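Since the structure comes first, as structure tokens, the remarks are kept for the end.
Basis for what follows: all heavy atoms, side chains included, without hydrogens, waters or symmetry-related copies. Just so we're clear, the structure is a prediction, and the values are computed from it rather than from any experiment. Letters A, B, ... are given to chains in the order of the sequence lines, protein chains preceding strands, and every chain is numbered from 1.
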Number of protein chains: 2
Amino acid sequence: MATEAGKKRLQMADIARLAGVSVSTVSRALAGNLAINAETRGRIVELARSLNYSINIGAQNLRLQKNQTIAVVVPYDAKVRQHISDPFFLSLVGALADALTDRGYDMLLSRVDADSLDSAAALVEGGKAIGLVVVGQWRHHDQLNALAARRLPLVVWGGQLARQLYCSVGGDNVMGGLLATRHLLGLGRRRVLFAGDARLPEVDLRREGWRQALREAGIEPDPALELMVPFEAIGARARFDERMALGVDFDGLAACSDLMAVQAVQALRAAGHTVPGDVAVVGYDDMPIATYTEPPLTSVHQPVLLAGEELVEALLAQLRGEAVAPRTLPVHLVTRASAPAVAAA
Amino acid sequence: MATEAGKKRLQMADIARLAGVSVSTVSRALAGNLAINAETRGRIVELARSLNYSINIGAQNLRLQKNQTIAVVVPYDAKVRQHISDPFFLSLVGALADALTDRGYDMLLSRVDADSLDSAAALVEGGKAIGLVVVGQWRHHDQLNALAARRLPLVVWGGQLARQLYCSVGGDNVMGGLLATRHLLGLGRRRVLFAGDARLPEVDLRREGWRQALREAGIEPDPALELMVPFEAIGARARFDERMALGVDFDGLAACSDLMAVQAVQALRAAGHTVPGDVAVVGYDDMPIATYTEPPLTSVHQPVLLAGEELVEALLAQLRGEAVAPRTLPVHLVTRASAPAVAAA
DNA sequence: ATGAAAGCGCTAACAC
DNA sequence: GTGTTAGCGCTTTCAT
């Protein structure tokens, strides 16, 4: 258990001395440089291995002007630690770890205060990382634009907006809202509540989908059916309870996350309503949890693994100097009991 | 969206030239060295800020022999990507990110192939990180000992074992198994199935708790009631289905994760049994999901946030040269409908 | 109060 | 083939 500092770390000079050669020879041997005599090379490599020597990456990077570290930034609202609890973002971080590791990059994970998002820039400008993946655009469109204006290699998970200087990768939010609402309308529901915080671009786009679906069905969207619900569970439940207290004048509900949908179900039941009988509910993200709830949730599936890959690819392309357009990933609806495939008889 | 390389990054020499002073003055000014004339200092700092200059951390670290990066390693089984999906480990990673950020450390997140765990050592030996947090000990006790033998600053999330050279921090697994089983016995259940892969140390310890509880109640543990169930969902469900097919000769079930418990519930119902009527079920971890399932799960709560803090503190203590003993964190039982507080009448 | 110079651990011309 | 030398961008004696 003890781990005192002990003798200082081995370096190339030590290996060189022990092998009776110069540092440059060691450097070359370790790099597999063919100019070095195979015998010498083998001896050096073997020596280094047996001594458990490993090259100092910091020094190597400095010399080579190279760096294989990507910073993944989770904006963090000082009040609500939402990023840390929402399963979707946690999975996305996992997917990013996979995608980066697969490609031989290191991932620096950091939480940054959303209000000083540009402190993330220091990670790149200070040379810790060569590029930035921001997990969620939240309400920071302008700050993200500012980052992009500083010409940082940057990708953001989120929706595509007007006047956007940065590269975004996100699910097809309009389509998601559309699919959810269309499905509810197909079930014969006519008054569909949209739940989510529309100040967030992704939510705003989903609401746009909700509106489109309603208009397709000849229904004019009713602002009274837009409910501002936060992503975080406690707040969401409270918001739903308030709304239910005003009367349940809707028969369908489209939520912006699965957690939110679950809170809605519980609030509805607490108010004496049935799901999907009185109100059919659709969630968002289609996390594993959607399978386990009662009733299981119909939900808009977002491709998390693909998202990780696409974010990384977009960033790497920028690093290669390519221009990268924002990208929207397909979503689809997964039907379960909370809003079944066919209306109950 | 384009982000071509453009002009190379600003460095101290540039600031020095622009300010008409030497690099050393800039270095001192930026470090807030009081030896520098307040006026000059202010001017330099201001210039640097306005030019968006930030110091090259790599070079600084090299010179200062300093490093503030901790590597968090998620062992990864090439076949089953369990780490990436299990909510408990994802939350733990989140908690670690918080704890490290709070203390001013950077977190390098990497997935490493479980079979070559010691490749993680390269992260420290190569100077990328100064210490290692391994998320889960899995079946790698010996490899972890080998890492510790290399005198790497190292902390592992997991149980405390015999002949353990590394520092571990973990939940009280014996107590967890004990509480779960005792609760089931208190409900009048007599045949309690233990579900989990006992090759994993944590699971093995929980099973020990299961045995203890049974013996307390004067019941001899029946090996036929130990079921080898993997953590990953699909495999778990299959394993439960197989077992149910052999007959449900038990009235209580203690699972090693909430996901596992949910799979058990579904398998039981598919086989025509009720929960908690025929079989009362207890989960493990008490993740948010436990609240949302039907029935909500009684579960052994593990303190995730505290876990993150303790892991980090243990590692930092090692880095300060202190000897650090393994640590076991308290767990407690949270009672919900899957194994209610009182037996149904 | 400021500058010159050496060096952190490594690599890559350029010599021989 | 291998050694010598000059940096990568920074900090810090040691002078002045």
Where protein sits on nucleotides 7-12 of chain D, one letter per nucleotide: B base, S sugar-phosphate only, - none, heavy atoms under 4.0 Å: BBBBBB
Residues which pass ring pair (Phe, Tyr, Trp, His ring centres under 6.0 Å) with H141(A), listed by chain and number, not counting sequence neighbours: Y166(A)
Sequence-distant partners of L329(B), side chain to side chain contact (heavy atoms under 4.5 Å, CB included), two or more places apart: W157(B), V169(B), P303(B), L306(B), A307(B), E310(B), R327(B)
Contacts of S27(B) that satisfy side chain to side chain contact (heavy atoms under 4.5 Å, CB included) - sequence neighbours left out: M12(B)
Range on DNA chain C touched by chain A, heavy atoms, distance below 4.0 Å: dG9(C) to dC14(C)
Pairing residues for Q60(B) by the side chain to side chain donor-acceptor pair (under 3.5 Å) criterion, not counting sequence neighbours: none
Set of residues satisfying side chain to side chain contact (heavy atoms under 4.5 Å, CB included) with respect to T101(B), sequence neighbours excluded: R111(A)
Summary of salt bridge (charged side-chain N to carboxylate O under 4.0 Å, His left out) pairs that have at least one residue in residues 40-52 of chain B, sequence neighbours excluded: E46(B)-R49(B)
Positions of residues 33-42 of chain A (non-hydrogen atom under 4.0 Å from DNA chain D), listed by number: A35(A), I36(A), N37(A), T40(A)
Which residues share a side chain to side chain donor-acceptor pair (under 3.5 Å) with N56(B), sequence neighbours left out: none
Spatial distance of atom OG (S116(B)) from atom OH (Y76(B)) [nearest 0.5 Å]: 11.0 Å
Pairing residues for N67(B) by the side chain to side chain donor-acceptor pair (under 3.5 Å) criterion, not counting sequence neighbours: T69(B)
Side chain to side chain donor-acceptor pair (under 3.5 Å) against R63(B), all qualifying residues, sequence neighbours excluded: none
